[in-house]
Every structure is written in structure tokens, then in C-alpha cells.
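In this text, all values refer to a predicted model and were calculated from it rather than measured experimentally.
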Amino acid sequence: MLTKIMGLFDFLKLGDNSKPSRKHISFSNLALEIIGNPLEKNGFKFYRKKVETYFTTIIWTKEKQYVKLSASDFPTDYPYTFDIILGEGDCDDFFESEWDSISISNIQRLTEPNKKYNGYDFPKKSEFRESLEIAKRDLLEFGNGFLNGDLELFYKTRILTNGKNKPEKIIKKDKNGKVIVELLPYNVMNKKN
């Protein structure tokens, strides 16, 4: 019995979760086709794909804009989801992208406040196509202005979601010389308001 219980928690062992799973490989390949095609028609170019055991991240860029598809079925992230994120700025800088991006769900909640939007359930393999088609439809409907360079709704939603001021970063080194990046608490507090 103890062996069965311990087996349930094997995912918590420190190990290499960077090896792509078949599920995420299939999901990412289909996402490149379904989400990537309309993005490329709007001038976005494929930038990067990272597929791991429990995560998929795909990014397309156009000048300073980016679209990121992010998915997780990590056991502790239940319910498993994926989302489409619109951003402006440096998609490679975690701290920048945390402030300079919003999800399609943020725009949906602003434009249709009486409906519930929270991203998309990460589907079973047999439902990948259907779920990605729904996400594509929402991207083209709610992100159309962003895709075509009209950032007015994007900016309005980003301010309402993330606040007006980009958080200030403090970059310092610890006693071992390791670089540590912190956000100033005042700006982090304002971001929540």
C-alpha cells in the first residue's frame, strides 16, 4: 500500500521534467498549425517553441509585439490550462513580460463582463484540435486590433489588469556573487490595485 501511495507522488521527485512528453509534442505541433497560421498572415513570425514534460510555450513576434501560447498540465497546477497571451516589449525578460502582457481572457472579461473567462482547459489529446480552434476564434475576435497594430484596447486592458506603472527592478548580487532580481514592493503593491 505504501508503495502505491509513494508512486502517486513520484512527480514531486526532483528530476528532469524538461524531456518533452508525447502529449505536449502533439499539442505544440497542432498549435503551431492552428494558432500560427493566422498569426503569420498578420505579420507575426515564429520566434521560439519550448516543449517539456508538462509545459508548452510557443512565441510569435512582430516588431515589439508578441503572442505567446502557454500550456501546463503539471500535476500541482490542476486544473490544467492553456492560454494565449498578448504582449509588447521583451518576451525573453520574465519581469518585463509579467507586466507588459495580458491574456485574451483579460480582454474578454473587459469586453463581456457578464461572462466568465479564465483561459482554456488543457484538453485530452482527442480534443486538442477543437480546443485550439476555439482559442484561435477568440484570438481573432478579441485580439484582432492587437494583431493588426491597433493597441488601444490592449493598452486599456493592460492598465486595468497590471496597473499604469511598470514595476521597478533592483538587480544585486548575493554573498556568493549570484545575481538576484527583485521588484520594488511599492510598485508590486500598485500592480495589484
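Note that CG of L69 and CD1 of I35 are 6.0 Å apart. Values are rounded to the nearest 0.5 Å. Within the model, atoms CG of D90 and OG1 of T61 stand 11.0 Å from one another, a figure rounded to the nearest 0.5 Å. Here L86 contributes atom CG and I102 contributes atom CD1; the two are 5.5 Å apart, rounded to the nearest 0.5 Å.
Between E33 and L132, the closest side-chain pair of non-hydrogen atoms is not below 4.5 Å. T111 has its side chain within reach of F142: a pair of non-hydrogen atoms, C-beta onward, lies under 4.5 Å apart. Side-chain contact between S131 and Y120 is absent, with no heavy-atom pair separated by less than 4.5 Å. Put simply, the side chain of I59 does not reach to within 4.5 Å of the side chain of V67, judged on heavy atoms. When side chains are defined from C-beta on, E112 counts as touching K115, because their heavy atoms get closer than 4.5 Å. Residues L139 and K136 form no side-chain contact, since every pair of their non-hydrogen atoms from C-beta on lies 4.5 Å or further apart.
Among all heavy-atom pairs drawn from K19 and T53, the shortest one is O-OG1, 2.5 Å. Counting all heavy atoms, side chain and backbone alike, H24 lies closest to E52 at CB-O, 3.6 Å. Contact between I58 and K49 at its shortest, heavy atoms only, is CG1-CG, 4.0 Å. The two residues Y54 and F74 come nearest to each other via the heavy atoms CD1-CD1, 3.3 Å. Across all their heavy atoms, F27 and P123 have their closest contact at CE1-CD, 4.5 Å. Here the closest heavy-atom approach between residue K62 and residue N42 is recorded as NZ-O, 2.9 Å.
At a cut-off of 3.5 Å, with distance as the only test, a side-chain donor of S103 or N106 sits close to an acceptor on the other residue. A donor-acceptor contact closer than 3.5 angstrom is absent between the side chains of E88 and Y66. Between the side chains of D83 and S70, no donor-acceptor pair is found at a separation under 3.5 Å.
At a threshold of 4.0 Å, the pair K45-E63 does not count as salt-bridged, since none of the basic side-chain nitrogens sits closer than that to a carboxylate oxygen. The pair D73-K23 meets the salt-bridge criterion, with a side-chain N (NZ, NE, NH1 or NH2) lying under 4.0 Å from an Asp/Glu carboxylate O.
E127 pairs in a salt bridge (Lys or Arg N to Asp or Glu O under 4.0 Å) with only one of the listed residues (K125, R129, K124), which is K124. For the side-chain contact (heavy atoms from CB on, under 4.5 Å) test with V51, the passing option among S28, S21, S18 is S28; the others fail.
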Using residues 145-154 as the side-chain source, report each donor-acceptor pair under 3.5 Å to any protein atom, sequence neighbours left out, with the distance given to one decimal.
residue, atom, partner, partner atom, Å
N148, ND2, N144, O, 2.9
N148, ND2, N144, OD1, 2.8
D150, OD1, E152, N, 3.2

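A perpendicular orientation is assigned to the rings of F82 and F122, their planes being inclined by more than 60° (bins at 30° and 60°).
One hydrophobic cluster, built from ILVMFWY side chains closer than 4.5 Å, cannot hold both W60 and Y47; they sit in different ones. No continuous path of ILVMFWY side-chain contacts below 4.5 Å connects F46 to I85, so the two sit in separate hydrophobic clusters. Both L39 and L30 are part of a single hydrophobic cluster, where members link through side-chain heavy atoms under 4.5 Å apart. Linking Ile, Leu, Val, Met, Phe, Trp and Tyr whenever their side-chain heavy atoms come within less than 4.5 Å puts L32 and I84 in one cluster.
Of the possible polar contacts, one joining the S105 side chain to the G119 backbone as a donor-acceptor pair under 3.5 Å is found.
Applying the side chain to side chain donor-acceptor pair (under 3.5 Å) criterion to K50, with sequence neighbours excluded, gives no partner residue.
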